[in-house]
Each structure stands twice: as C-alpha cells, then as structure tokens.
Engineer: 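First, the structure itself, so that you have it in front of you.
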Amino acid sequence: MYYNWEVQTNTEELKVVCNLIRNGELVIFPTETVYGIGANALDENAVGKIFVAKGRPSDNPLIVHLADKRKIEEVAQNITEVEQKLIDNFMPGPFTIILERKDIIPDIVTAGLNTVAIRIPDNIIAKGIITFSGVPIAAPSANISGKPSGTSIQEIRKELEGKVSAIVDGGKTKIGLESTVVKVVDEVPVILRPGKVTPEEIEKVIGKVKIDKNVLAKIDKNSVVESPGMKYRHYAPESKCKLIYCENELDQIFYLKKYIKEYKGNVVVLGFKEHEEKIYVSEGRFINIGSKNNYEEIAKNIFSALRKADELKPEMILIEGIKKEGLGLAIMNRLLRTCEYDYIELKNS
Ligand code: AMP
Ligand code: MG
C-alpha cells in the first residue's frame with residue numbers, strides 16, 4: 001500500500017503501518033537522512049526479508065532505529081562516558097553510534113558482531129512509526145544494494161514497489177545523505193562513515209576525533225574493516241562515473257570540457273549551478289546539483305541526480321567534486337564509491 005503523509009500523518013493509516021511492522025512485514029518510510037526500508041529488529045524472519053528485498057550481503061549489519069534515548073539501554077549495554085556524551089549531544093539526529101549489544105538483538109541484525117548500530121531519527125513520520133510500533137526498527141536505506149540511496153518516493157517506487165507491504169511518502173528527505181556512523185575506540189570517537197554531523201562538530205564536544213582510514217580509501221573486498229558496509233560498491237548507477245575536483249575553477253572547466261569532447265558528448269554532467277552556462281552539452285544533459293559552496297544543497301540533490309543521469313544512459317557521468325571538509329567529506333566519501341575511484345584531483349600548488 002502507498003500512503004502519502006507529506007502534509008500530515010494519517011492516524012488510521014499509522015495504525016495499519018505499525019501493525020504491519022509488528023506482524024513482521026517491511027515498510028518503507030522517510031527519515032531526515034534518506035528513506036529507510038524497515039522491519040521489527042527483534043524478529044529475525046522480518047529482518048531477513050530486508051536482506052532479500054535489497055539483495056544486501058548478509059555480512060553487512062543494519063542500523064537499529066529507536067524512538068528515544070531511554071530505549072537505548074534495552075538494546076545496548078556498558079555505555080561509556082564518551083559514548084554517553086555523544087548520545088546526549090547528537091541524538092536524536094543524523095548520527096549513528098556503535099554500542100555493545102544486548103542479546104535481545106538477533107545476530108542477523110548485527111551480522112554476528114558483538115556491537116549494534118543505534119540511531120534515533122529526528123523526523124516526525126519515522127518517530128511516529130517507531131513509537132507506535134513499540135519495537136526497535138532495523139532500517140537500511142531504501143534502495144537495491146549498491147545503488148544510490150532513495151531520497152524521494154518516485155525513485156524508490158520504481159526500484160522496490162512490490163517488495164514491501166507499505167510505502168509511506170513524506171516528500172523529499174531533508175538531508176539526503178545517510179547518518180554519520182561513529183564507534184568509540186579507546187575513548188576516542190572514530191568516524192566509520194561521515195555524514196551530516198561533521199568531524200568538526202564532534203571535536204567541539206569531545207576533543208579528539210579520528211576518521212577511519214577507509215573513509216576515503218579504496219578498499220579491498222577481502223580486507224577486515226571496522227564497518228562491513230565500507231567494503232561494498234555503493235551509491236553507484238549503471239553508467240560509469242568520473243569525479244573531477246580542481247581547486248582552480250578554470251582547471252575544473254577545462255577538464256569537464258576535455259572529457260565531454262573525449263566521450264563525443266555522450267555524457268551527463270552533474271554540475272554546479274554556476275557552471276550551467278559554461279558547459280555545453282545537449283539539452284537535459286547538464287543536471288544542476290546546487291550552488292558550488294552550498295554543500296547542504298548538494299547533499300540533498302546528489303542521489304536523485306545520479307538516478308536521473310542514469311536514466312539517460314550516457315557513456316560517462318561526469319561529476320563535479322568539492323572540498324573534503326565539513327559536509328564535503330560525507331559527499332566525497334559517497335562520490336568516490338560512486339565512481340569506483342575514477343577521480344581527478346588538482347590542487348593549487
Ligand atoms: P545503511 O544501513 O545502508 O545505512 O548502512 C549502515 C552502515 O552501518 C553500514 O556501513 C554498516 O556496515 C554500518 N554498521 C552497522 N552496524 C555496525 C556495527 N555493529 N559495527 C560497525 N558498523 C556497523
Ligand atoms: Mg545503504
């Protein structure tokens with residue numbers, strides 16, 4: 001069933017949706033980051049359906065979504081001072097913390113790890129569904145595994161309709177990128193996946209913060225990593241992609257033009273608003289991802305833009321990159337995987 005709660009949550013429909021969750025069915029719902037495909041986290045059969053619907057590798061654990069902080073102790077234990085400080089400062093919000101798990105969480109959720117990823121979404125629809133279902137909800141991003149995350153219902157329906165029992169439409173998601181994932185190791189928060197909550201913001205609260213070396217690196221599929229999700233091809237459309245970031249704007253335009261020529265115009269450019277008039281491609285083949293200094297806007301648009309570009313089936317999607325700072329780190333972490341590290345970077349010397 002499809003429900004539109006973009007303007008307001010319908011309480012009768014909310015009851016239906018929560019019953020589906022309690023009965024072990026899958027529901028797609030919005031959060032402030034991206035859409036999630038959710039199931040009762042305490043029901044291993046229900047969680048199993050998520051892996052099937054997404055085609056997700058079973059060694060990639062899921063994030064458990066809770067309605068409020070008081071629920072954390074029901075699923076996690078031995079919370080340290082630093083972990084508590086992170087919880088107090090960044091939750092609810094686009095922030096996921098890895099904690100020691102309690103046995104109530106089935107192995108299928110954590111891929112057998114002794115930790116569990118916890119998030120408290122700050123979105124009225126997500127909160128309503130979790131609260132009234134009365135159970136923690138395991139919910140990865142609503143997309144076929146490896147594809148860009150779903151940030152609007154139109155694109156998600158194309159991909160997942162028929163694979164879930166209900167789809168709740170809450171409009172385009174506010175942030176557009178998945179949560180920041182943090183694990184505290186030896187009292188230091190380590191960012192396993194960058195997101196809207198930036199290293200700089202965490203540093204202000206805690207002091208020292210580390211960024212896992214795999215956040216920007218190319219990872220071998222057979223290596224052991226802190227966060228299993230890091231290993232997989234991700235956020236990737238069917239078409240090949242190339243990421244270009246030159247500090248100097250003239251260089252940036254030069255490279256874009258060079259590749260447009262090299263591929264004889266059979267490209268789609270995901271570019272900044274400011275470059276729309278400077279880049280010549282055929283009608284509809286320049287997709288504006290936002291203003292070059294507005295990382296919030298770029299984050300919000302990037303996954304939809306990738307899907308839109310893919311529909312045109314170009315030989316190459318050329319993507320304009322940004323500085324790996326603040327929210328730029330999260331955007332570039334996703335885009336490097338999108339492009340499978342086909343990346344050109346030119347810094348001013
Ligand atoms: P997604 O559900 O697609 O947003 O991805 C969730 C991310 O969190 C993946 O990269 C997972 O590998 C990571 N994750 C989930 N649980 C854990 C855990 N217990 N330890 C480390 N990383 C985790
Ligand atoms: Mg995902």
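The residues of the chain are indexed from 1 along the displayed sequence. Indexing begins at 1, ligand by ligand and atom by atom, following the structure's order.
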Engineer: Please classify the Arg193 to ligand 1 contact at 4.0 Å (heavy-atom distances, strictly less than): side chain, backbone, both or neither.
Structural biologist: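 Arg193 to ligand 1: side-chain contact only, backbone stays beyond 4.0 Å.
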Engineer: Heavy atom of Leu113 under 4.0 Å from ligand 1?
Structural biologist: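 It does; at least one heavy atom falls under 4.0 Å.
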Engineer: Working to the nearest 0.5 angstrom, can you tell me the gap between Leu327 CG and Ile322 CD1?
Structural biologist: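 The CG atom of Leu327 sits 7.0 Å away from the CD1 atom of Ile322.
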Engineer: Between Lys313 and Glu238, does at least one N-O distance fall below 4.0 Å, as a salt bridge requires?
Structural biologist: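 Not counted as a salt bridge, because no side-chain N and carboxylate O are separated by less than 4.0 Å.
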Engineer: Would Lys147 and Glu155 pass as an ion pair if we require N to O under 4.0 Å?
Structural biologist: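 No, no charged N to carboxylate O under 4.0 Å.
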Engineer: Any N/O/S atom, side chain or main chain, of Ser141 closer to the Mg ion (ligand 2) than 2.8 Å?
Structural biologist: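 So Ser141 does bind the Mg ion (ligand 2) by this criterion.
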Engineer: Suppose I only count heavy atoms of Thr115 and a 4.0 Å limit; which atoms of ligand 1 are within that range?
Structural biologist: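 Heavy-atom distances to Thr115 below 4.0 Å select 18 (C), 19 (N), 20 (N).
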Engineer: Check this for me - ligand 1, Arg56, N or O atoms closer than 3.5 angstrom, yes or no?
Structural biologist: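 Yes; the residue has a nitrogen or oxygen that sits under 3.5 Å from a nitrogen or oxygen of the ligand.
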Engineer: With distance as the sole criterion, is a donor-acceptor pair present between the side chains of Ser149 and Glu178 under 3.5 Å?
Structural biologist: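 A donor-acceptor contact under 3.5 Å links the two side chains.
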Engineer: Rounded to the nearest 0.5 Å, what separates atom CD1 in Ile97 from atom OG in Ser179?
Structural biologist: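 Between atom CD1 of Ile97 and atom OG of Ser179 there are 11.5 Å.
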Engineer: Checking contacts here: is it the side chain or the backbone of Ile63 that comes within 4.0 Å of ligand 1, counting heavy atoms only? Could be both or neither.
Structural biologist: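 It is the side chain that touches ligand 1; the backbone stays farther off.
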Engineer: Tell me whether Glu178 has any N or O atom under 3.5 angstrom from an N or O of ligand 1.
Structural biologist: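 It does not: no N or O of Glu178 is found under 3.5 Å from an N or O of ligand 1.
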Engineer: Contact between Lys196 and Thr33 at the side-chain level, heavy atoms closer than 4.5 Å - yes or no?
Structural biologist: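 The answer is no; the side chains never approach within 4.5 Å.
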Engineer: Give the atoms of ligand 1, by number and element, whose distance to some non-hydrogen atom of Pro140 is under 4.0 Å.
Structural biologist: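 Answer for ligand 1: 2 (O).
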Engineer: Do you know which of Gln252, Glu274, Glu297, Glu249 makes side chain to side chain donor-acceptor pair (under 3.5 Å) with Lys292?
Structural biologist: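 The side chain to side chain donor-acceptor pair (under 3.5 Å) with Lys292 is passed solely by Glu249 among Gln252, Glu274, Glu297, Glu249.
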Engineer: Where the closest heavy atom to atom 11 (C) of ligand 1 is concerned, which of Thr96, Thr33, Asn60, Asp212 has it?
Structural biologist: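 Residue with the shortest heavy-atom distance to the ligand atom: Asn60.
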Engineer: I need the contact type for Ile98 against ligand 1. Using non-hydrogen atoms and a strict under-4.0 Å cut-off, is it side chain, backbone, both or neither?
Structural biologist: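 For Ile98, only side-chain atoms sit under 4.0 Å from ligand 1.
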